[in-house]
Amino acid sequence: MAEIRLWNTLTRGKVPLEPTVTPGRVSMYVCGPTVYDRAHMGNARPALVFDVLFRLLRHRYGAENVSYVRNLTDVDDKINAAALTRKEAGDPRSLEELIHERTEETVAWYHEDMDALGILRPTEEPRATGYIAEMIAMIEGLVASGHAYAAAGHVLFRVRSYAGYGALSGRSVDDMIAGARVEVAPYKEDPMDFVLWKPSTADLPGWDSPWGRGRPGWHIECSAMSAALLGASFDIHGGGNDLMFPHHENEIAQSKCAHPEGAFARIWMHNEMLQVEGKKMSKSLGNFFTVQDVLGQGIPGEVIRFVYLSTHYRKPMDWTAEKAREAEATLRKWRGLTAGIAPAPSPAPEVMAALSDDLNTPGAIAALHALASAGDAAGLKASAGVLGLLQDGHGDWAAAVDLSAHAARLAAARVEAMASKDFAEVDRLKAAYLAAGVEVRMSKAGVDLVPGPGFDAAALEGVR
């Protein structure tokens with residue numbers, strides 16, 4: 001069985017996964033979404049990447065021996081702004097009620113979209129608002145140890161009190177100040193100090209604390225939740241590389257200072273960003289899509305999943321319409337090959353070796369292609385399952401379609417055309433089938449029609 005080796009951002013190299021906190025048990029924390037709006041396509045990448053890792057770990061260690069925590073940030077200025085917009089539009093309810101409504105509907109949307117992509121629910125999915133007491137306790141400890149200080153209703157972390165600050169991103173504190181925009185405030189001792197607690201006005205969410213009514217800063221949330229659910233030391237911490245600084249850097253500093261007896265996260269994993277048709281996704285370029293937007297275009301969640309996993313998680317991923325079409329065609333063929341087939345007892349070694357090598361999903365997919373070419377349907381089904389592909393209940397979109405009547409019709413038209421030398425009817429039918437997303441294969445042996453990328457069964461009803 002191949003050893004699992006993962007790229008550790010902190011050490012800049014691949015390291016073996018050796019669960020040391022509890023031998024034989026793996027613990028993982030991944031930064032989840034801020035629930036203020038629909039998840040966009042970029043949000044889906046870390047969810048998919050770490051879902052594959054979760055599946056790999058469950059396969060290797062057993063589902064009961066893997067603890068996967070992915071949080072929901074449900075206290076945030078963006079959530080407040082979304083609720084305030086509704087109130088300003090005339091909603092008579094209190095801002096508290098509107099914030100609660102916005103949070104609940106956004107969490108439901110997130111689950112709906114992630115379910116459509118075949119993403120397993122994590123072991124734990126804590127909400128920040130459920131761990132305010134733990135955050136306050138952690139902040140109190142940091143103040144008592146001199147790593148944090150209260151000022152003007154805020155509590156701030158003393159960045160220079162932690163000697164290891166910058167190890168994750170590879171920059172010194174002075175370099176960060178010179179190269180980054182930092183919030184300048186008169187109550188800060190140092191420009192790099194960051195907020196652990198801040199005041200709340202009467203109309204915004206807030207909790208009583210030793211420093212007055214307020215709410216937590218973003219960074220302390222993940223530190224408190226990971227400590228409460230996984231302890232002072234755990235195996236893997238993941239997220240997008242846009243979180244490396246300042247979020248993850250700040251997490252390390254406050255967690256190591258709050259729990260000096262612990263190692264915090266031993267392995268740090270970061271996925272690269274998403275592009276759309278070769279460009280950074282942005283509303284100004286008109287290429288900003290939510291997961292629901294793409295699903296609404298008729299692109300199945302399994303197809304989205306396949307496209308994402310076709311690029312290694314540490315490389316920028318380019319979402320294109322052509323990739324989606326190719327993925328759909330491949331999955332249709334694989335689902336046709338494995339229909340009614342029981343999976344093999346275990347995945348193919350080649351697939352497991354690729355995934356064990358720092359989640360090499362492109363390599364695993366290449367191995368799946370080889371299994372399909374060899375006609376190993378049982379092996380293909382078992383192996384694809386580790387990547388969350390070809391799962392029962394996610395293949396309705398690729399249900400078998402009987403095109404034999406259409407194929408017979410085109411074959412008859414071709415026979416007539418060969419005799420009359422008039423191919424107008426053959427060309428008309430071919431054009432209609434192609435427009436419906438059907439691949440037309442004509443040879444001496446006969447005519448074969450196969451659902452292709454963008455297949456639309458309804459469009460065939462108009463072919464007369």
Side-chain angles (χ1 to χ4, degrees), residues 1-32 46-71 119-126 131 134 164 167-168 222-241 243-244 248-249 251-256 258-271 309 312-314 346-347 349 351-361 363-364 383 385-388:
M1 188 178 293
E3 176 185 58
I4 296 178
R5 295 180 63 82
L6 303 170
W7 182 271
N8 188 357
T9 306
L10 191 60
T11 61
R12 276 51 169 189
K14 290 182 187 179
V15 297
L17 174 61
E18 299 172 340
T20 53
V21 179
T22 305
R25 292 183 60 87
V26 184
S27 49
M28 175 169 67
Y29 185 95
V30 174
C31 291
L48 275 166
V49 166
F50 293 103
D51 178 68
V52 174
L53 180 55
F54 186 34
R55 290 172 183 272
L56 175 64
L57 295 175
R58 283 160 59 100
H59 179 82
R60 179 63 57 86
Y61 294 95
E64 71 281 3
N65 292 317
V66 182
S67 296
Y68 172 23
V69 179
R70 186 185 66 207
N71 72 293
I119 294 172
L120 300 173
R121 300 288 175 88
T123 315
E124 300 276 357
E125 198 172 40
Y131 289 80
E134 288 83 352
L168 185 68
C222 288
S223 285
M225 287 186 282
S226 64
L229 295 169
L230 298 177
S233 301
F234 54 94
D235 297 303
I236 302 167
H237 195 313
N241 68 355
L243 300 180
M244 191 186 307
H248 289 165
E249 200 77 75
E251 272 191 75
I252 293 172
Q254 63 202 8
S255 293
K256 294 291 284 288
H259 299 287
E261 76 284 3
F264 194 39
R266 297 178 181 276
I267 297 176
W268 284 85
M269 297 177 66
H270 294 91
N271 63 273
L309 300 185
H312 192 272
Y313 79 92
R314 286 194 290 113
S346 58
V351 173
M352 297 308 296
L355 292 178
S356 298
D357 182 15
D358 193 32
L359 289 188
N360 182 4
T361 53
S383 302
V386 188
L387 283 85

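Values below: every heavy atom of this structure, side chains too, minus hydrogens, waters and symmetry copies.
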Let me check something: any side-chain donor-acceptor pairs from residues 46-54 under 3.5 Å, sequence neighbours excluded? List them with distances.
| unit_1 | atom_1 | unit_2 | atom_2 | d |
| --- | --- | --- | --- | --- |
| D51 | OD1 | L120 | N | 2.8 |
| D51 | OD2 | R55 | NE | 2.9 |
| D51 | OD2 | R305 | NH1 | 3.3 |
| D51 | OD2 | R305 | NH2 | 2.5 |

In a table with atom names and distances, give each donor-acceptor pair under 3.5 Å that connects a side chain of residues 61-68 to protein atoms at least two apart or in another chain.
| unit_1 | atom_1 | unit_2 | atom_2 | d |
| --- | --- | --- | --- | --- |
| N65 | OD1 | R25 | NH1 | 3.2 |
| N65 | ND2 | Y61 | O | 2.9 |

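Qualifying side-chain contact (heavy atoms from CB on, under 4.5 Å) partners for A265, counting only residues two or more places apart in sequence or in other chains: F234, H237, W268. In this structure, the side-chain contact (heavy atoms from CB on, under 4.5 Å) partners of S356, at least two apart in sequence or on a different chain, are A2, I4, L56, R60. When the side chain to side chain donor-acceptor pair (under 3.5 Å) test is applied to T9, the partners found at least two apart in sequence or on another chain are H270. Checked against side chain to side chain donor-acceptor pair (under 3.5 Å), S27 has the following partners two or more places apart in sequence or in another chain: D235. Under the ring-ring contact (aromatic ring centres under 6.0 Å, His included) criterion, H312 pairs with no residue, sequence neighbours left out. Partners of P16 under the side-chain contact (heavy atoms from CB on, under 4.5 Å) rule, at least two apart in sequence or in another chain, are E3, R5, E18. Evaluation of the side chain to side chain donor-acceptor pair (under 3.5 Å) rule for S255 yields S223 as partners, not counting sequence neighbours. Remark: R58 pairs with no residue by the side chain to side chain donor-acceptor pair (under 3.5 Å) rule, at least two apart or across chains. Partners of V69 under the side-chain contact (heavy atoms from CB on, under 4.5 Å) rule, at least two apart in sequence or in another chain, are Y29, E124, P126, L229, L230.
Looking at heavy atoms from C-beta onward, R314 lies in side-chain contact with D358 at the 4.5 angstrom threshold. No side-chain heavy atom of Y131 sits under 4.5 Å from any side-chain heavy atom of N71. M269 is listed as a side-chain neighbour of L359, based on a closest heavy-atom distance under 4.5 Å. In this structure the side chain of T361 reaches within 4.5 angstrom of the side chain of L355, judged on heavy atoms.
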Task: Worked verdict on K14 versus N8 for side chain to side chain contact (heavy atoms under 4.5 Å, CB included) - done: CA-CA 6 Å; K14 290 182 187 179; N8 188 357; over 6 Å; no
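One distance of note links CD of E251 with NZ of K256; it measures 12.5 Å at 0.5 Å rounding. From I252, atom CD1 reaches atom CE of M244 across 10.0 Å, with rounding to the nearest 0.5 Å.
Counting all heavy atoms, side chain and backbone alike, A354 lies closest to G363 at CB-C, 3.8 Å.
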